[in-house]
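Numbers for residues simply follow the sequence, beginning at 1.
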Amino acid sequence: MTDLQKDILVGLLFVVGIFAFISGAFIVSAAVFASSAIFSNIRQTVQIQD
């Protein structure tokens, strides 16, 4: 994945998490926010190691 694709993925996961939180699906929103944080941290870790 390119950096643009990863940024788009993290952004979409964040927006989906907000909508899930607003709709009351707290378990789903927590899982989406967690996956967004994981993808964001993986991207930063790879950049630091390169």
Side-chain angles (χ1 to χ4, degrees):
M1 286 181 115
T2 64
D3 286 337
L4 178 62
Q5 290 173 335
K6 289 180 184 179
D7 288 340
I8 291 171
L9 176 66
V10 170
L12 285 175
L13 286 173
F14 187 74
V15 170
V16 169
I18 289 174
F19 284 129
F21 184 78
I22 290 172
S23 69
F26 299 114
I27 295 172
V28 173
S29 67
V32 171
F33 282 135
S35 62
S36 174
I38 289 170
F39 279 113
S40 179
N41 287 333
I42 287 173
R43 183 176 56 95
Q44 289 176 358
T45 304
V46 170
Q47 286 179 351
I48 291 171
Q49 291 177 353
D50 286 341

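Considering all non-hydrogen atoms of both residues, Val32 and Leu13 come closest at CG1-O, 2.8 Å. Of all non-hydrogen atoms in Ser36 and Phe14, the two that sit nearest each other are OG-N, 4.3 Å.
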Under 3.5 Å donor-acceptor pairs involving side-chain atoms of residues 19-28, not counting sequence neighbours:
residue: Ser23; atom: OG; partner: Phe19; partner atom: O; Å: 3.3
residue: Ser23; atom: OG; partner: Ala20; partner atom: O; Å: 3.0

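Applying the side-chain contact (heavy atoms from CB on, under 4.5 Å) test to Leu12 and every residue at least two apart in sequence or in another chain returns Ile8.
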